[in-house]
Amino acid sequence: MFSSKAKLEKVGFGRQGRFEYLQALVTEFQDTHKQEYKLQVLANLANFAYDPINYEFLRQLNVLDLFLDVIAEEKDEKMIEFAMGGICNCCVDTLNRDHLLSGDCLDLTIKCLSSPNEETVLSAMTTLVFLTTPETKKITTTGAVVGLMHQFASSTNVRLQNLATIFLQVW
């Protein structure tokens, strides 16, 4: 990660700046017809969502909505994994959280708790920890969600156990 925009501008991406590079990735995702290329671009965007220096750019380019659209519309579990990972990576930011909560992010995230892909489930659990607030608690702590979290807390999978325990302790 970069600690400031000044350092970021010094590093750059060849002749393109960070915004232009991310814009090129979004365009490539939208224009390509090959699933393997879309998957690679989506993975890159999810990785960029990890660094707070990129949050403003990602919002300007509607990448958060792109992640949500992938979860809502895709059948490919790897695509959903990367999109959920992207949301998880950036949902701690207040502006990102507000944007995500203004749409159907919570419903889509809760749906991902039932994914056959463990990484998707882990990202969904972590996202729910970050997005659960006193205002959203009614949605994120329904009987169905809490029931799933209790199941995960009893899992032999330590990562699922730990995240479920954190969720249940916090909420």
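In this text, all values refer to a predicted model and were calculated from it rather than measured experimentally.
What you find for Leu113 and Leu148 is that their closest heavy atoms are CB-CD1, 3.9 Å. Listed here is the closest heavy atom pair of Val145 and Ile139: CG2-O, 4.4 Å. Heavy atoms only, all atoms of each residue included: Ala153 and Ala164 are closest at N-CB, 3.5 Å.
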- Go through Leu101 and Thr136 one step at a time and tell me if the side-chain contact (heavy atoms from CB on, under 4.5 Å) criterion holds. CA-CA 8 Å; Leu101 290 175; Thr136 64; 3.8 Å; yes
- Give the C-alpha distance, both sets of side-chain angles, the deciding distance and a yes or no for salt bridge (charged side-chain N to carboxylate O under 4.0 Å, His left out) between Glu119 and Arg159. CA-CA 10 Å; Glu119 297 302 323; Arg159 296 189 311 161; 2.6 Å; yes
- Message: Evaluate Thr127 against Cys88 for side-chain contact (heavy atoms from CB on, under 4.5 Å), listing each step before the verdict.
- Response: CA-CA 5 Å; Thr127 300; Cys88 182; 3.3 Å; yes
- Before giving the answer on side-chain contact (heavy atoms from CB on, under 4.5 Å), spell out for Val26 and Gln23 the whole-Å C-alpha distance, their side-chain angles and the decisive distance to 0.1 Å. CA-CA 5 Å; Val26 170; Gln23 188 172 39; 5.7 Å; no
- Walk me through it: do Met84 and Thr109 pass the test side-chain contact (heavy atoms from CB on, under 4.5 Å)? CA-CA 8 Å; Met84 191 70 246; Thr109 301; 3.6 Å; yes
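If you chain together hydrophobic residues whose side chains sit under 4.5 Å apart, Phe130 and Val170 never meet in one group. Hydrophobic clustering of Ile, Leu, Val, Met, Phe, Trp and Tyr side chains at less than 4.5 Å, counting indirect connections, keeps Ile110 apart from Phe67. Residue Phe152 is grouped with residue Leu168 when hydrophobic side chains (ILVMFWY) are merged at heavy-atom distances under 4.5 angstrom, including chains of intermediate members. Grouping the Ile, Leu, Val, Met, Phe, Trp and Tyr side chains by contacts below 4.5 angstrom, directly or via other members, places Leu58 apart from Val92. Leu64 and Ile80 fall within the same hydrophobic cluster, where Ile, Leu, Val, Met, Phe, Trp and Tyr residues are linked whenever their side-chain heavy atoms come under 4.5 Å apart, directly or through other members.
Residues Thr141 and Phe167 meet the side-chain proximity criterion, which asks for heavy atoms closer than 4.5 Å. Counting only heavy atoms from C-beta outward, the side chains of Asp65 and His99 approach each other to under 4.5 Å. Taking 4.5 Å as the limit, some side-chain heavy atom of Lys137 sits within range of a side-chain heavy atom of Trp171. With contacts defined as side-chain heavy-atom distances shorter than 4.5 Å, the pair Leu128/Leu106 qualifies. Cys105 places a side-chain heavy atom less than 4.5 Å from the side chain of Leu68.
Within 6.0 Å of CD on Glu74 lie more than 12 heavy atoms contributed by other residues, nucleotides or ligands.
For the residue pair Glu81 / Asn117, a side-chain donor-acceptor distance below 3.5 Å is found, with atom types taken as modelled. Side-chain atoms of Thr120 and Glu77 form no donor-acceptor pair, as typed in the model, at a separation below 3.5 Å.
In this structure, the side-chain contact (heavy atoms from CB on, under 4.5 Å) partners of Gln60, at least two apart in sequence or on a different chain, are Phe19, Glu56, Phe57. Residues that satisfy the side-chain contact (heavy atoms from CB on, under 4.5 Å) test with Val41, not counting sequence neighbours, are Leu25, Glu28, Phe29, Leu45.
In this structure, the separation between CZ on Phe82 and CG on Leu42 is 7.5 Å, given to the nearest 0.5 Å. To the nearest 0.5 Å, atoms SG (Cys90) and CG (Leu100) are separated by 6.0 Å. Considering CD of Glu36 and CG of Asp76, their distance stands at 11.5 Å, rounded to 0.5 Å. Taking CG from Leu122 and SG from Cys112, the interatomic distance works out to 12.0 Å, rounded to the nearest 0.5 Å. Distance check, rounded to the nearest 0.5 Å: NZ of Lys111 to CG of Asp104 gives 9.5 Å. Interatomic distance, OG1 of Thr94 versus OH of Tyr55, reported as 10.0 Å (0.5 Å rounding).
One finds a salt bridge joining Arg59 and Asp93 here, because a Lys/Arg side-chain nitrogen approaches an Asp/Glu carboxylate oxygen to under 4.0 Å.
Put simply, the side chain of Asn157 gets close to the backbone of Leu160: a donor and an acceptor are under 3.5 Å apart.
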